[in-house]
Amino acid sequence: MKLSESLRRGIMETFVGGIINKFKVSRRRRDTLFFEELLARYILECERAGFGAQTQRMGEEWGFLITQMLASETIRRMPPQFLFNIIIANIWHNLGLIDRLHAEKSDNIWRMSTENEAITRCIGENKFMLGFYMGNLETLSSGTVFPLKSKQKKESGEYTFKLRGNPISIKARSNELYRKLNDIGPIEGYTLKDALKRNIFTLSGNRVYFRGRPIMPVENTLVHIIGKFNVLPEKVAEISYEFFKEIVKEDTRREEKLVLLKTIFQITGWGAIRILADKKSDITLKIRNLPHGLLLKDDWTFLLRTILGYLWLIDRELKIAHIKETRSGILVEYSH
């Protein structure tokens, strides 16, 4: 089933500030959208700076946690090859994250082949997706996975893993608490469906685009994992600024840029945002209904630094001056 059909049938249910994925196998989870190229550029920057081990671990933790959430105990008792090749491959394909995924297991060796996988299709060889598949396999195989070989090209990937040792464990929130925290109340504004109808966003093939740039469905725990690892935090806003500078016209008025930020933020499922801007260019954001992740503690710094990079389109001297978590969300002040 294509993403467009999932939206039409309500399997992907869209709200202002949120997206709920109701695939039966996934037991209803909160999804978000994120600019794939922006995320890929951050991963590439980290790996070029020598932090490949860290990005691999980020991918591994994310892959482990979302696969653990994706399938119930009953489903995980099915043969792992069936889960990968029938269930997981179809879900990822439907979301536009991959064109093809095939896995084979012989004794304690896993071999996987992919076509047009997310992140790799933007930057080529990377440790993040290697770690992501390790996490998937560690959940389904109940053991520790070690990479033996990988060959990544933008259009395809081949991986060989060895399974040995005891299963890994990552402390996480219960599914019940995760769902409770991610309940979304009524908010006025555009949903993803509205944005597609009005051509603010476009759907081509099985992927969503904004002004020609792909936006990928992302279970939001990844943002919290990146914040937890805190690799090159000083580079996040710079990467974000360079990215948005390519798609937002320089002569766009300040007010229009702020309206666009609010529109993008809410349509892509990151919550409801209220923007307060004074004449001195100081900007305060009040954000509620933020998506909570599977880690025991949420970390919003990657998201807030990404927003800072966007705000540099208005004023390059802005900095994050203050962050306050409230009962309803977050208040963050950007000032000089």
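Thr114 places no side-chain N or O within donor-acceptor distance of the main-chain N or O of Glu117, the cut-off being under 3.5 Å. Looking only at distances, a side-chain donor or acceptor of Glu36 sits under 3.5 Å from a matching main-chain atom of Ile119. Asp299 places a side-chain N or O within donor-acceptor distance of the main-chain N or O of Thr301, the cut-off being under 3.5 Å.
Hydrophobic clustering keeps Leu331 apart from Leu304 (ILVMFWY residues linked when any side-chain heavy atoms are closer than 4.5 Å, directly or through intermediates). Hydrophobic clustering places Leu95 together with Ile86 (ILVMFWY residues linked when any side-chain heavy atoms are closer than 4.5 Å, directly or through intermediates). Cluster annotation: Ile323 and Ile275 are assigned to the same hydrophobic cluster (Ile/Leu/Val/Met/Phe/Trp/Tyr, side-chain heavy-atom contacts under 4.5 Å, transitive).
Between Trp92 and Phe132, the ring centre distance stays below 6.0 Å. The ring of Phe35 has its center closer than 6.0 angstrom to the ring center of Phe243.
Between Tyr42 and Val231, the shortest heavy-atom contact is OH-O, 2.6 Å. In this structure, Asp99 and His93 approach most closely via the heavy-atom pair O-ND1, 3.4 Å. Leu65 and Ala172 get closest at one heavy-atom pair: CD2-CB, 3.6 Å. Minimum interatomic distance between Asn126 and Met129 (heavy atoms only, all atoms of both residues): OD1-N, 2.9 Å.
Residues Arg305 and Glu234 are not paired through a salt bridge, judged by the lack of any N-O separation under 4.0 Å between the basic side chain and the carboxylate. Using a 4.0 Å cut-off between charged nitrogen and carboxylate oxygen, Arg213 and Glu246 count as a salt-bridge pair. Ion pairing of Glu61 with Arg57 is present here, as a side-chain N (NZ or NE/NH1/NH2) and a carboxylate O approach within less than 4.0 Å. A salt bridge does not link Arg48 to Glu45: none of the charged nitrogens lies less than 4.0 Å from a carboxylate oxygen.
Counting only N and O atoms by type, the side chains of Tyr133 and Glu60 include no donor and acceptor under 3.5 Å apart. Ser335 and Glu333 form no side-chain donor-acceptor contact under 3.5 Å, judged by distance and modelled atom types alone. Side-chain atoms of Arg100 and Ser113 form a donor-acceptor pair, as typed in the model, at a separation below 3.5 Å. Judged by distance alone, the side chains of Gln68 and Thr139 never bring a donor and an acceptor atom under 3.5 Å apart.
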query: Can Ile123 and Ile43 be said to form a side chain to side chain contact (heavy atoms under 4.5 Å, CB included), step by step?
result: CA-CA 9 Å; Ile123 59 174; Ile43 291 168; 4.2 Å; yes
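Note that Arg316 lies in the cation-pi zone of Tyr241, set by a 6.0 Å cut-off to the ring centre and a 45° limit from the axis.
Rounded to the nearest 0.5 Å, atoms CD1 (Ile247) and OH (Tyr310) are 8.5 Å apart.
Around CD of Glu125, the count of heavy atoms belonging to other residues, nucleotides or ligands within 6.0 Å does not exceed 12.
Exactly one residue among Lys162, Gln81, Met134 makes a side chain to side chain contact (heavy atoms under 4.5 Å, CB included) with Trp110. That residue is Gln81. A side chain to side chain contact (heavy atoms under 4.5 Å, CB included) with Glu138 is found for exactly one of Leu163, Thr67, Ile168, Ile170, namely Ile168.
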